[in-house]
Amino acid sequence: MVREARKDELDALLELYLNLHEEGIPEHDEHLAKTWEQIMDDPNHHIIVKELDGRLISSCVCVIIPNLTRGIRPYAFVENVVTHKDYRKKGYATECLDYAKKIAMDNNCYKMMLLTGSKRESTLRFYQNAGYNSNDKTAFIQWLGEK
(Lines give C-alpha, C1' and ligand atoms only; values in the text may rest on other atoms or scores of the structure.)
Protein backbone atom coordinates (compact mmCIF):
# COMPACT_ATOMS: atom_id res chain seq x y z
CA MET A 1 0.00 0.00 0.00
CA VAL A 2 1.27 3.49 -0.88
CA ARG A 3 0.05 6.31 1.33
CA GLU A 4 1.18 9.25 3.39
CA ALA A 5 3.14 8.58 6.56
CA ARG A 6 1.32 8.62 9.88
CA LYS A 7 2.46 10.54 12.92
CA ASP A 8 3.34 7.31 14.75
CA GLU A 9 5.78 6.16 12.03
CA LEU A 10 8.75 8.41 12.77
CA ASP A 11 10.95 5.58 14.02
CA ALA A 12 10.13 3.35 11.03
CA LEU A 13 10.88 6.20 8.64
CA LEU A 14 14.19 7.03 10.32
CA GLU A 15 15.15 3.36 10.09
CA LEU A 16 14.32 3.36 6.36
CA TYR A 17 16.48 6.48 5.91
CA LEU A 18 19.50 4.39 6.96
CA ASN A 19 19.24 3.01 3.40
CA LEU A 20 19.55 6.51 1.96
CA HIS A 21 22.68 8.26 3.19
CA GLU A 22 22.20 8.49 6.92
CA GLU A 23 24.87 7.03 9.17
CA GLY A 24 22.62 6.69 12.18
CA ILE A 25 19.25 7.53 13.63
CA PRO A 26 19.13 10.97 15.23
CA GLU A 27 18.67 11.30 18.95
CA HIS A 28 15.06 11.54 20.06
CA ASP A 29 15.25 15.02 21.45
CA GLU A 30 13.09 18.15 21.41
CA HIS A 31 14.50 19.29 18.06
CA LEU A 32 13.53 16.01 16.36
CA ALA A 33 10.08 16.06 17.95
CA LYS A 34 9.42 19.66 16.87
CA THR A 35 10.66 19.02 13.34
CA TRP A 36 8.47 15.92 12.99
CA GLU A 37 5.46 17.81 14.33
CA GLN A 38 6.12 20.69 11.92
CA ILE A 39 6.30 18.29 8.97
CA MET A 40 3.17 16.43 10.02
CA ASP A 41 1.22 19.67 10.50
CA ASP A 42 2.26 21.20 7.16
CA PRO A 43 -0.42 20.54 4.51
CA ASN A 44 2.17 21.17 1.77
CA HIS A 45 4.67 18.61 3.09
CA HIS A 46 3.91 15.03 2.11
CA ILE A 47 5.96 12.04 3.22
CA ILE A 48 4.90 9.20 0.97
CA VAL A 49 5.56 5.63 2.04
CA LYS A 50 5.19 2.15 0.60
CA GLU A 51 4.14 -0.32 3.26
CA LEU A 52 4.57 -4.05 2.73
CA ASP A 53 3.73 -6.63 5.40
CA GLY A 54 3.53 -3.89 8.04
CA ARG A 55 6.99 -2.50 7.20
CA LEU A 56 7.94 0.77 5.50
CA ILE A 57 10.11 -0.28 2.56
CA SER A 58 10.15 2.76 0.27
CA SER A 59 9.50 6.47 0.57
CA CYS A 60 9.83 9.91 -0.94
CA VAL A 61 8.99 13.43 0.14
CA CYS A 62 6.88 15.77 -1.98
CA VAL A 63 6.68 19.42 -0.97
CA ILE A 64 4.20 21.72 -2.69
CA ILE A 65 5.67 25.21 -3.00
CA PRO A 66 3.33 28.17 -3.54
CA ASN A 67 4.42 30.36 -6.43
CA LEU A 68 3.60 33.78 -7.88
CA THR A 69 4.58 32.95 -11.47
CA ARG A 70 3.16 30.54 -14.05
CA GLY A 71 -0.41 31.69 -13.45
CA ILE A 72 0.13 31.59 -9.69
CA ARG A 73 0.48 27.82 -9.90
CA PRO A 74 2.62 25.98 -7.34
CA TYR A 75 5.39 23.54 -8.13
CA ALA A 76 6.42 20.34 -6.39
CA PHE A 77 9.83 19.37 -5.11
CA VAL A 78 10.64 15.70 -4.56
CA GLU A 79 13.39 14.64 -2.18
CA ASN A 80 14.62 11.69 -0.11
CA VAL A 81 13.68 8.94 -2.56
CA VAL A 82 14.68 5.70 -0.88
CA THR A 83 13.95 1.99 -0.94
CA HIS A 84 15.22 -0.49 1.61
CA LYS A 85 18.16 -2.39 0.11
CA ASP A 86 16.33 -5.73 0.38
CA TYR A 87 13.39 -4.48 -1.72
CA ARG A 88 15.02 -2.60 -4.59
CA LYS A 89 14.25 -3.03 -8.30
CA LYS A 90 10.66 -4.11 -7.66
CA GLY A 91 8.93 -0.83 -8.60
CA TYR A 92 8.22 0.38 -5.06
CA ALA A 93 9.99 3.74 -5.44
CA THR A 94 8.15 4.25 -8.72
CA GLU A 95 4.88 3.73 -6.86
CA CYS A 96 5.91 6.43 -4.38
CA LEU A 97 6.90 8.82 -7.17
CA ASP A 98 3.58 8.17 -8.93
CA TYR A 99 1.77 9.02 -5.70
CA ALA A 100 3.80 12.24 -5.46
CA LYS A 101 2.83 13.08 -9.03
CA LYS A 102 -0.84 12.62 -8.17
CA ILE A 103 -0.44 14.99 -5.21
CA ALA A 104 1.27 17.54 -7.47
CA MET A 105 -1.46 17.27 -10.08
CA ASP A 106 -4.21 17.50 -7.45
CA ASN A 107 -2.55 20.74 -6.28
CA ASN A 108 -2.43 22.14 -9.83
CA CYS A 109 1.38 22.19 -9.89
CA TYR A 110 2.92 23.18 -13.19
CA LYS A 111 6.10 21.12 -12.67
CA MET A 112 7.87 18.67 -10.41
CA MET A 113 11.56 18.86 -9.64
CA LEU A 114 13.96 16.48 -8.01
CA LEU A 115 17.68 16.37 -7.44
CA THR A 116 19.88 13.33 -7.08
CA GLY A 117 23.46 13.16 -5.93
CA SER A 118 23.90 9.84 -7.69
CA LYS A 119 25.97 9.61 -10.85
CA ARG A 120 25.09 5.94 -11.38
CA GLU A 121 23.61 5.34 -14.81
CA SER A 122 20.96 2.99 -13.37
CA THR A 123 19.73 5.67 -10.94
CA LEU A 124 19.62 8.34 -13.63
CA ARG A 125 17.75 5.96 -15.94
CA PHE A 126 15.30 5.21 -13.11
CA TYR A 127 14.41 8.91 -12.81
CA GLN A 128 14.17 9.28 -16.58
CA ASN A 129 11.81 6.30 -16.73
CA ALA A 130 9.74 7.97 -14.00
CA GLY A 131 9.23 10.97 -16.30
CA TYR A 132 11.98 13.34 -15.14
CA ASN A 133 14.57 14.82 -17.47
CA SER A 134 17.91 16.48 -16.93
CA ASN A 135 17.76 18.67 -20.03
CA ASP A 136 15.39 21.50 -19.11
CA LYS A 137 17.10 22.94 -16.03
CA THR A 138 20.54 23.15 -14.49
CA ALA A 139 20.77 22.57 -10.76
CA PHE A 140 23.24 24.25 -8.45
CA ILE A 141 23.67 23.48 -4.77
CA GLN A 142 25.36 25.54 -2.10
CA TRP A 143 25.94 23.53 1.06
CA LEU A 144 25.54 25.49 4.28
CA GLY A 145 27.57 24.19 7.20
CA GLU A 146 28.26 20.47 7.44
CA LYS A 147 26.88 18.14 4.79
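All residue numbers in this chain count up from 1 along the given sequence.
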Lys/Arg-Asp/Glu bridge criterion (N-O < 4.0 Å) met for K102, D106: yes
Atom CD of E15: over 12 foreign heavy atoms under 6.0 Å: no
Trace of the side-chain contact (heavy atoms from CB on, under 4.5 Å) decision for H45 with V61: CA-CA 7 Å; H45 200 134; V61 172; 3.5 Å; yes
Shortest non-hydrogen contact between E23 and L18, atoms and distance: C-CD2, 4.2 Å
Atom pair CE/CZ of M40 and R6 - distance to nearest 0.5 Å: 10.5 Å
Expected output: side-chain N19 to main-chain L16 donor-acceptor under 3.5 Å: yes
Residues Y75, T69; criterion side-chain contact (heavy atoms from CB on, under 4.5 Å); working and verdict: CA-CA 10 Å; Y75 58 93; T69 66; over 6 Å; no
Which atom of C60 lies closest to which atom of C96, heavy atoms considered: SG-O, 3.6 Å
Linked hydrophobic residues, I48 as query - side chain contacts closer than 4.5 Å: V2, I64, Y99, I103
Heavy-atom donor-acceptor pair, N67 side chain to R73 backbone, under 3.5 Å: yes
Separation between NE2 of H84 and CZ of R55, rounded to the nearest 0.5 Å: 4.0 Å
Short side-chain to backbone donor-acceptor contact, H31 and H28, under 3.5 Å: no
Nearest heavy atoms of N107 and P74, plus distance in Å: O-CG, 3.2 Å
Shortest non-hydrogen separation from Y110 to R70 and the atoms involved: CZ-CG, 3.3 Å
Residue from E37, Q38, E30 passing side chain to side chain donor-acceptor pair (under 3.5 Å) with K34: E30
Atom pair CD1/NZ of I57 and K90 - distance to nearest 0.5 Å: 9.0 Å
